[in-house]
2 protein chains.
Amino acid sequence: MGEKSSEQLKCDCTIIHEEVIERAGRKMPPEENLYNLAELFKVFGDSTRIKIIWALFEEEMCVCDIAYLLNLTQSATSHQLRVLKQARLVKPRREGKNIYYSLDDEHIEEIFNQGLNHINE
Amino acid sequence: MGEKSSEQLKCDCTIIHEEVIERAGRKMPPEENLYNLAELFKVFGDSTRIKIIWALFEEEMCVCDIAYLLNLTQSATSHQLRVLKQARLVKPRREGKNIYYSLDDEHIEEIFNQGLNHINE
DNA sequence: TTTACATATGAACAATTGCTCATATATATT
DNA sequence: AATATATATGAGCAATTGTTCATATGTAAA
C-alpha cells in the first residue's frame with residue numbers, strides 16, 4: 001500500500017538489490033546530459049561523417065575537396081557538414097566562393113582513438 | 001582524355017588542392033575500420049543505451065534491476081542489452097534465474113568523459 | 001510435473017535518417 | 001548585367017531504428 005500503481009513493478013531481486021539501485025540512481029548524471037551525450041555519439045555514428053572528420057584531421061578543406069576525396073556528391077557532403085556544424089564539431093571559414101571547414105574540438109581525436117582501441121581489442 | 005567518366009568531377013579548387021587531398025587520402029584508416037568505428041558510436045548514440053551503460057559503471061546488474069532503475073520495460077531492456085552485447089560492450093553472467101550484466105571494456109568511461117567534455121565546453 | 005519467475009526474441013509499427021534531385025543563394029568573372 | 005562556380009537547402013523516398021506486444025525459453029520452487 002502507498003505504492004504508485006503507475007510505477008514499474010519490482011521483481012524479487014530488485015527488492016534485494018535496492019541499495020545498489022538507489023546508489024546507481026544517485027550517481028547518474030542529469031537526464032539532459034545523458035541525452036546530449038547520446039546526441040553527440042549519434043553524430044559520430046555514421047561512416048560518412050566519420051570519414052569527413054578524419055579527412056579534416058589532416059587539414060581544413062572546402063566542400064568540393066571533401067566530396068572529391070570521399071567520392072560523395074556535393075549535396076550529401078553539404079548536408080553532413082551541416083549536421084557536424086550543428087554539433088559544434090566543425091566550423092566554416094569563407095574565402096571567396098569556397099567555404100573551408102575545419103575541426104572545432106580538441107577532444108574528437110581522443111574519442112576516436114579510444115574507439116579504435118575498443119575495436120582492435 | 002583518359003579520365004574515367006564515372007569518377008567525381010574535380011572542381012577548380014580540387015585541382016589546386018590536389019596535394020593536400022592526396023595526403024589526407026593516404027593517412028585515412030582502411031574503409032573497414034572507419035565503418036566499424038561508426039558502428040561503435042552508433043551503439044552509443046541512443047540515450048537508453050547510454051543510461052544502461054552508466055548504470056553499469058556502478059556495479060553489475062540483472063535485467064529487471066536495470067529496467068526498474070531506468071523505468072523501462074523488461075523487453076526494451078533486453079533488446080538493448082543484446083545490442084550492447086553484440087558490440088562487446090557488456091557481458092552476461094547467469095546466476096539462477098537472473099542474468100547479471102557488466103561492462104566488458106575499459107575504454108568506455110574514457111570515451112564518455114571526453115564526450116562530456118565536448119558537451120560542457 | 002506443474003507453476004511462477006526472469007529473460008530472450010520475433011513481428012509489427014511509428015519515427016528517424018541519409019541520400020538524391022531540383023533549386024536557391026552567394027560570390028567572382030566577364 | 002549576365003554567366004559560371006561553390007555551397008546550401010527543401011521535398012521526397014528507401015532504409016534503419018527503438019519500442020511494444022505476444023510468446024518462447026530457461027531456471028527454480030512447490
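Proteins get letters first, then strands, A, B, ... in listed order; numbering begins at 1 in each.
- For the pair B/Gln74 CD and D/dG26 P, the computed distance is 15 Å after rounding to whole Å.
- Within the structure, salt bridge (Lys or Arg N to Asp or Glu O under 4.0 Å) contacts touching residues 62-76 of chain B (residues at least two apart or in different chains) do not occur.
- Between A/Met61 atom CE and D/dT7 atom C1' there is a gap of 17 Å when expressed in whole angstrom units.
- Under the rule for a salt bridge (Lys or Arg N to Asp or Glu O under 4.0 Å), the partners of A/Glu95 that lie at least two apart in sequence or sit in another chain are A/Arg93.
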| request: Please lay out, stage by stage, how A/Thr77 and A/Leu70 fare under the test side chain to side chain contact (heavy atoms under 4.5 Å, CB included). | output: CA-CA 9 Å; A/Thr77 308; A/Leu70 304 179; over 6 Å; no

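- Close to D/dT20, at under 4.0 Å from its OP1 or OP2, lies no side-chain N or O of B/Ser75.
- Going from atom CG of B/Asn71 over to atom P of D/dT20 covers 10 Å, rounded to whole Å.
- Taking the six-membered ring wherever Trp is involved, the centroid distance between the rings of B/Phe44 and A/Phe44 does not fall below 6.0 Å.
- With sequence neighbours left out, B/Asp104 forms a side-chain contact (heavy atoms from CB on, under 4.5 Å) with B/Lys91.
- Read 5' to 3', the first and last nucleotides of DNA chain C with an atom closer than 4.0 Å to a heavy atom of chain A are C/dA6 to C/dA28.
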Let me check something: any side-chain donor-acceptor pairs from residues 81-89 of chain B under 3.5 Å, sequence neighbours excluded? List them with distances.
unit_1, atom_1, unit_2, atom_2, d
B/Arg88, NH2, A/His118, O, 3.4

| task | Begin from the C-alpha positions of B/Glu22 and B/Arg26 and carry the test salt bridge (charged side-chain N to carboxylate O under 4.0 Å, His left out) through to its verdict. | result | CA-CA 6 Å; B/Glu22 208 182 306; B/Arg26 279 199 305 272; 3.4 Å; yes

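- Taking atom CD1 of A/Ile16 as the reference point, atom P of D/dA28 lies 14 Å away to the nearest angstrom.
- On a pure distance criterion of 3.5 Å, no polar donor-acceptor pair joins the side chain of B/His79 and the base of D/dT17.
- Between the OH atom of B/Tyr100 and the P atom of D/dT27 there is a distance of 15 Å, given to the nearest Å.
- Rounded to whole angstrom, the span from the CZ atom of A/Arg82 across to the C1' atom of D/dG10 amounts to 9 Å.
- One finds a side-chain N or O of A/Asn98 lying less than 4.0 angstrom from the OP1 or OP2 phosphate oxygen of D/dT7.
- Residue-level contact check: B/Tyr101 touches the backbone only, with heavy atoms under 4.0 Å from sugar-phosphate atoms and none from bases.
- Following rounding to the nearest Å, B/Ile99 (CD1) and D/dG26 (C1') show an atom-to-atom distance of 8 Å.
- The stretch residues 39-51 of chain A touches DNA chain C through A/Lys42, A/Asp46, A/Thr48, A/Arg49, each having a heavy atom within less than 4.0 Å of the strand.
- Taking atom CG of residue A/Leu81 and atom P of nucleotide D/dA8, one finds them 7 Å apart after rounding to whole Å.
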| query | Passes side chain to side chain contact (heavy atoms under 4.5 Å, CB included), A/Tyr35 versus B/Ile50? Steps please. | reply | CA-CA 8 Å; A/Tyr35 180 80; B/Ile50 289 274; over 6 Å; no

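- Residues B/Phe41 and A/Val43 fail the side-chain proximity criterion, which asks for heavy atoms closer than 4.5 Å.
- Toward the 5′ end of DNA chain C lies the nearest nucleotide of A/Val83, the other residue of the pair A/Glu95 and A/Val83 mapping further downstream.
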